[in-house]
Each structure stands twice: as structure tokens, then as C-alpha cells.
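Each remark here refers to the structure printed beneath this line.
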Number of protein chains: 2
Amino acid sequence: MKRMEDRVFREFLQKKGLKFTKERAAILKGVFSARGHFDPDDLLIKMRGKGIRVSKASIYRTLPLLLESGLIEQVLKVDKHAHYEHTFGRGHHDHLICLKCGKVIPLYSRKLEKLQENLCRKEKFKCLTHTLEIRGYCLRCNSKSGLS
Amino acid sequence: MKRMEDRVFREFLQKKGLKFTKERAAILKGVFSARGHFDPDDLLIKMRGKGIRVSKASIYRTLPLLLESGLIEQVLKVDKHAHYEHTFGRGHHDHLICLKCGKVIPLYSRKLEKLQENLCRKEKFKCLTHTLEIRGYCLRCNSKSGLS
DNA sequence: ATTGTAATTGAGAATCAGTTGCAATTATAA
DNA sequence: TTATAATTGCAACTGATTCTCAATTACAAT
């Protein structure tokens, strides 16, 4: 049984005259088996761990394609390198990031999305994507630390 | 006449047992004379151009201090390296980023800020800072490209 | 003002993420 | 099956940021 995202990616590639290689398929599978966020290196290590041989270069070359096809989204950088997450099946959402424990809490608000659209309209800006990252302390860390 | 930000930075450093050196003062001044966004390298080049001698290392060491002191904010990465802007005197704001010409348009909405606070409250998340980056096409690029 | 000391500096080496050139390989359309 | 343009892995490369270390300096306490 083929996975939905395979179909989407295959069609995306075809439309661009690119090939659906086994490496790309493997990377796609790796990306979709990630629970949450990941970075290119995480992915490489995970795949190596499973005995799947792909090069760093192929991962770096494939990720932008997945991004372009809409199968993954870029997550803002908490630290200094690129992070991604797959979005297929799940909707777009933003993130609350705990500065103490690093936990990332997804956040979605229809109202927030609407408001952003309105603001863009006001500025006559054609909005394609956005990323909102709210940093602070999660419930647990906040109560633990005594920083009420 | 001492600038306000000098005072703030000096006090911040003192509180942490750090020194207010002439290099740090010069970097602060450089940062505050920047009109908009800048990255560490911009800053270095600008300072060199004015004949102020500071090392790359000092810039990279000072920027995080300015960040921590609240005198500057980190701007999200459109490309791959760190960008900053000073916030003293101006308020917090978010950004619309044109994917074609790279123009960055500041955006501020009281309503948006309020909504975010409410969402955090709902999640029992102690919000400290946030960054919102909306990517798309600015009016000019959008009309030029025929991508209505 | 002088001094002691811990913080800071600059310069370059080191590191790290991400990119690129290239020869060998492979997917796909005909 | 074949032609061919796209893709691969590897290793060398790039550019940003961090680190090391010896020399310097700010500043609190004399």
C-alpha cells in the first residue's frame, strides 16, 4: 500500500521533470517517520541507524524539494541550523518553545490565522507562508523555577 | 551627552560582573547607528569603514550580551545567518518578508499581540518573546510578476 | 593613584552546517 | 532497449561562528 505522500512527491517531481529515485523515496520515508521536528543531521543519523545508505548531500538536496512540494515546513531556528517537520496530514501550526526544557508545543488558532491574513491585506502583501515562534516557559518549568 | 542605551548596557554588564570596555561601547554605538537590520558582518564592515578597530570575535561575543540585555532583538533568518536589529526606543514588531526583492516590512498590531497573550494564557505558557515572520510578495513584486 | 585579579581583547586556528564539482550510476520517456 | 538528462556519493570547499591563548585592561579595593 503506497503512502499518500509518496504519490504527492512523485507527482511534484514529475511535474518538474525530476526523478523519483530510491534515495528520495527513502528520505521521504525517513522524514515521515519522524515524530516531531528534525534537522538534516538527525535524519541522516536515523537513516544510517536503520541501515539505509544515503549521503548527506542527497539529504541536503532533497529537503528543499520537499519544502517546495509542501510536504514539509521549515521550523524557525531555536539554535543555529535548519529544522523541519512534515505537515502532511496535519495542518499548519505555530510553536510555543520552552526556553528551559526545550519542549515544543504546537499551537493553532483559526483566529490568529485570520488576523494575519487581514493584516497582510491591509499592507497589500501577498502572504504565502508564515512562522510564529513564541518563546518562554512551559507550565512545568515555570512552576518549578519559582519564577512566577 | 551620554546615550540612554549606554547607561542600560553599562548597568546590565555591571549587574553581571562584566566590564564596559571601549570595544563594547563601540559595538553598541555601531549597532544603534544602524537603520534597520544588520548581521555581524555588516556591522564589522561598517565599523572598519569608519576606522573603528574591533575584532570579529568581539562582535560575536558582544551581540549575545546586547540580546540578553534587551537592547537588540534577533530577527528571524531569511537566509542562513543571524540577523539583529536594535529595539531601544522603537517598539517590538514583526516582519513581512518579500521572497522576491528581500524587502522587510515591519508590522505591528496591538490586536495580534493581545491574541497571542490570550493563546499563551490558555496553554498556561509563560510567554517571554516571540517572532512572527510572514513570507510572500510585496505589492511591487506581486504586481510586476503577473502572479496575481 | 596603585594594584591585583578576573574579564577581555585580537588573531588565527578550529569547527560546523551546508554546498559544490565531478565521474559513475540510474530513472524514465521514446 | 536505449539515449540522455538527472542523480548519486564522495570529498573538497565555503562561509559563519566559536574557540584558544597570550597579552591587555577595567575596576574594586586598597
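Convention: sequence-line order gives letters A, B, ...; per-chain numbering from 1.
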Which whole-number value in Å describes the distance from [X] [atom1] to [N] [atom2]?
| X | N | atom1 | atom2 | value |
| --- | --- | --- | --- | --- |
| A/R10 | D/dT7 | CZ | P | 14 Å |
| A/L13 | C/dT26 | CG | P | 18 Å |
| B/K16 | D/dC27 | NZ | P | 16 Å |
| A/L18 | D/dT8 | CG | C1' | 14 Å |
| A/K19 | D/dT8 | NZ | C1' | 10 Å |
| B/I59 | C/dT9 | CD1 | P | 11 Å |
| A/D39 | C/dC16 | CG | P | 14 Å |
| B/E23 | C/dT9 | CD | P | 5 Å |

Checklist entry - So what does B/R61 hit on the nucleic acid, given a heavy-atom distance under 4.0 Å: a base, only sugar-phosphate, or nothing? => result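 Since a base atom lies under 4.0 Å of B/R61, the category is base.
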Checklist entry - At under 4.0 Å between heavy atoms, what does A/K22 touch on the DNA or RNA strands: base, sugar-phosphate, or nothing? => result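 Answer is sugar-phosphate: A/K22 comes under 4.0 Å of backbone atoms only.
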Item to check | Side-chain heavy atoms of B/L119 within contact of B/L115, under 4.5 Å | outcome: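 Side chain of B/L119 against side chain of B/L115, heavy atoms only: contact under 4.5 Å found.
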Checklist entry - Can you tell me if NZ on A/K29 sees more than 12 non-hydrogen neighbours from other groups inside 6.0 Å? => result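 At most 12 heavy atoms, drawn from other residues, nucleotides or ligands, come within 6.0 Å of this atom.
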Checklist entry - Is the closest side-chain donor-acceptor distance between A/K114 and A/S109 under 3.5 Å? => result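 A/S109 and A/K114 do not have a side-chain donor-acceptor pair below 3.5 Å.
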Out of [options], which nucleotide sits closest to the side chain of [X]?
| X | options | result |
| --- | --- | --- |
| B/A57 | C/dG10, D/dA26, D/dA11 | C/dG10 |
| A/Y60 | C/dT8, C/dA17, C/dG10 | C/dA17 |
| A/S55 | D/dG9, C/dT8, D/dA6 | D/dG9 |

Item to check | B/S69 side chain vs B/L66 backbone, donor-acceptor pair below 3.5 Å | outcome: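 Present.
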Does a side-chain N or O from [X] land closer than 4.0 Å to OP1 or OP2 of [N], or not?
| X | N | value |
| --- | --- | --- |
| A/Q14 | C/dA29 | yes |
| B/S58 | C/dT8 | no |
| B/R24 | C/dA7 | no |

Checklist entry - Which word best sums up how the rings of B/H93 and B/H95 line up, parallel for under 30°, tilted for 30 to 60°, or perpendicular for over 60°? => result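 Rings of B/H93 and B/H95: perpendicular, over 60°.
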Next on the checklist: I'd like to know if A/K56 reaches the base of C/dG18 with its side chain such that a donor and an acceptor end up less than 3.5 angstrom apart.
Outcome noted: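 Present.
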